[in-house]
J.: 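This is the structure I have questions about; it appears just below.
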Amino acid sequence: MILSMIKLSHIVWLTGMSGSGKSTLSSKLESILLQKNYKVYVVDGDDIRGKDTIKLGFSYKDVMKNNSRIANLCNKLRKKYDFIIVPVISPYETIRQEVRSKLEPNFHLVYLKSDIQSLRIRDPKGLYLAADKGLINNLIGYSKINPYDEPSNPEIIIETGSHVTVNDSKDQLLGYINKSCL
């Protein structure tokens with residue numbers, strides 16, 4: 001009896017604090033992979049959160065539920081695509097381990113690491129400014145009540161602070177993808 005191999009897409013899960021470059025690098029990676037004729041789907045954490053009928057907040061429990069929903073969606077889409085790219089803060093080690101166990105094999109955790117000062121300067125959504133003004137008290141990784149756990153076992157760490165260009169970060173991500181997935 002011959003067993004057929006079921007092709008499972010590569011899941012590229014980009015984690016990092018708000019403003020670390022997850023969406024930017026996801027978009028660049030998607031564009032490059034599409035040019036190489038790969039089937040690619042992006043599951044953006046912000047988009048998923050915005051489409052939910054039951055709105056989730058940013059409590060530990062809600063973040064866990066949101067990340068679990070994203071992982072389940074990835075599993076549903078997995079046979080249709082070569083790559084699924086997931087830019088999501090995913091701040092807790094426990095949820096990242098749960099996601100990894102649901103999505104292995106071909107799960108690639110990419111940690112986009114940036115210093116707080118660079119994130120505050122970049123601040124594309126104005127969240128750090130709002131937190132500094134006291135308008136947000138639970139900004140993940142910035143407030144004391146809502147920490148960001150640095151990943152203990154990412155496949156790659158990409159520095160995205162202000163001393164690194166977007167192209168440098170993109171090249172580092174592409175180098176990893178070329179070596180590990182293609």
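All values reported here derive from a predicted model rather than from experimental measurement. Hydrogens, waters and symmetry mates are skipped; everything else that's a heavy atom, side chains included, is used.
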J.: Which atom names give the shortest non-hydrogen contact between I158 and Q172, and what distance separates them?
T.: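 Smallest interatomic distance, heavy atoms only, reads CG2-OE1, 3.6 Å.
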
J.: Let me confirm one number: the OG-NZ distance from S31 to K36, rounded to the nearest 0.5 Å.
T.: 11.0 Å

J.: If only atom types and distance count, is the side chain of E93 paired as donor or acceptor with the main-chain N or O of D149 below 3.5 Å?
T.: no

J.: Under 3.5 Å, is there a donor on one side chain and an acceptor on the other for N67 and E98?
T.: no

J.: If you measure only the distance, is there a donor-acceptor pair under 3.5 Å linking the side chains of N146 and Y92?
T.: yes

J.: Look only at the side chain of D123 and the backbone of L127, and say whether a donor-acceptor pair between them is shorter than 3.5 Å.
T.: yes

J.: Report yes or no: is the cationic atom of R78 (NZ for Lys, CZ for Arg) under 6.0 Å from the centre of the six-membered ring of F83, at an angle within 45° of the ring normal?
T.: no

J.: Where do C181 and H108 land on the side-chain contact (heavy atoms from CB on, under 4.5 Å) test, with the steps shown first?
T.: CA-CA 9 Å; C181 305; H108 309 273; 3.4 Å; yes

J.: Quick check for you: to the nearest 0.5 Å, what is the distance between K28 atom NZ and D171 atom CG?
T.: 10.0 Å

J.: Run the salt-bridge test on R96 and E150 with the 4.0 Å N-O cut-off and return the result as yes or no.
T.: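 No, R96 and E150 are not salt-bridged.
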
J.: Verify whether one side chain among K39 and S9 offers a donor that lies under 3.5 Å from an acceptor in the other.
T.: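 No, no side-chain donor-acceptor pair sits under 3.5 Å.
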
J.: Within this structure, what is the CD-CD1 distance for the pair E104 and I11, rounded to the nearest 0.5 Å?
T.: 11.5 Å

J.: Within the structure provided, determine whether I156 and Y111 are in side-chain contact (heavy-atom separation under 4.5 Å).
T.: no

J.: Going by atom types alone, do Q117 and S162 pair a side-chain donor with an acceptor below 3.5 Å?
T.: no

J.: Is any side-chain heavy atom of S18 closer than 4.5 Å to a side-chain heavy atom of I89?
T.: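 A side-chain contact under 4.5 Å exists here.
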
J.: Test side-chain contact (heavy atoms from CB on, under 4.5 Å) on N66 and I70; report intermediate values, then the result.
T.: CA-CA 6 Å; N66 188 53; I70 292 169; 3.9 Å; yes

J.: Hey, mind stepping through L33 and L29 against side-chain contact (heavy atoms from CB on, under 4.5 Å) and telling me if it holds?
T.: CA-CA 6 Å; L33 291 171; L29 179 60; 3.7 Å; yes

J.: Does the side chain of S26 come under 3.5 Å of the side chain of D44 through a donor N or O and an acceptor N or O?
T.: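 S26 vs D44: no donor-acceptor pair found between side chains.
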
J.: Would you say Y81 and H10 are linked by a side-chain donor-acceptor pair, where the criterion is simply a distance under 3.5 Å?
T.: no

J.: Quick check: does any side chain N or O of T160 sit under 3.5 Å from a backbone N or O of S20, one acting as donor and the other as acceptor?
T.: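 At least one qualifying donor-acceptor pair exists.
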
J.: Do the ring planes of Y128 and Y142 sit parallel (below 30°), tilted (30 to 60°) or perpendicular (above 60°)?
T.: perpendicular

J.: Between P91 and I140, which heavy-atom pair has the shortest distance, and what is it?
T.: CB-CG2, 3.4 Å

J.: Can you give me the closest heavy-atom contact between V99 and A71, atom names plus distance?
T.: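 Looks like CG2-CB, 4.0 Å.
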
J.: Are I85 and L34 connected, step by step, through hydrophobic side chains (Ile, Leu, Val, Met, Phe, Trp, Tyr) whose heavy atoms are closer than 4.5 Å?
T.: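 Linked, I85 and L34 end up in one cluster.
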
J.: What I'd like to find out is whether the side chain of R100 reaches to under 4.5 Å of the side chain of N153, using heavy atoms alone.
T.: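 Sidechains of N153 and R100: in contact.
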
J.: Contact between W13 and L103 at the side-chain level, heavy atoms closer than 4.5 Å - yes or no?
T.: yes

J.: Output, in order, the C-alpha distance, side-chain angles, deciding distance and verdict of side-chain contact (heavy atoms from CB on, under 4.5 Å) for L14 and V86.
T.: CA-CA 6 Å; L14 291 97; V86 184; over 6 Å; no

J.: Just by modelled atom types, is the L25 backbone N or O under 3.5 Å from a matching donor or acceptor in the K170 side chain?
T.: no

J.: How far apart are the closest heavy atoms of S90 and I95, and which atoms are they?
T.: OG-CG2, 4.0 Å

J.: Kindly compute the distance separating CZ (R120) from OG (S114), expressed to the nearest 0.5 Å.
T.: 12.5 Å

J.: Would you kindly confirm whether V63 and Y60 end up in one hydrophobic cluster when ILVMFWY residues are joined by side chain heavy atoms under 4.5 Å apart?
T.: yes

J.: If we only count heavy atoms from C-beta on, is the K102 to N72 side-chain gap below 4.5 Å?
T.: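 They are in side-chain contact.
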
J.: Would you give the length of the straight line joining atom OH of Y41 to atom SG of C74, rounded to the nearest 0.5 angstrom?
T.: 9.5 Å

J.: In Å and rounded to the nearest 0.5 Å, what is the CD1 to CD1 distance from I121 to I116?
T.: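 Nearest 0.5 Å value for the CD1-CD1 distance: 11.5 Å.
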
J.: Side chain of S27, backbone of T24: donor and acceptor closer than 3.5 Å?
T.: no

J.: Keeping the roles fixed (side chain from D168, backbone from V164), state whether a donor-acceptor pair exists under 3.5 Å.
T.: no

J.: Do you know which two heavy atoms are closest between I136 and L139, and how far apart they sit?
T.: CG2-N, 3.7 Å

J.: Checking side-chain hydrogen bond (donor to acceptor under 3.5 Å, both in side chains) for the pair Y148/T15: CA distance, chi angles, key distance, verdict?
T.: CA-CA 10 Å; Y148 178 91; T15 180; 2.7 Å; yes

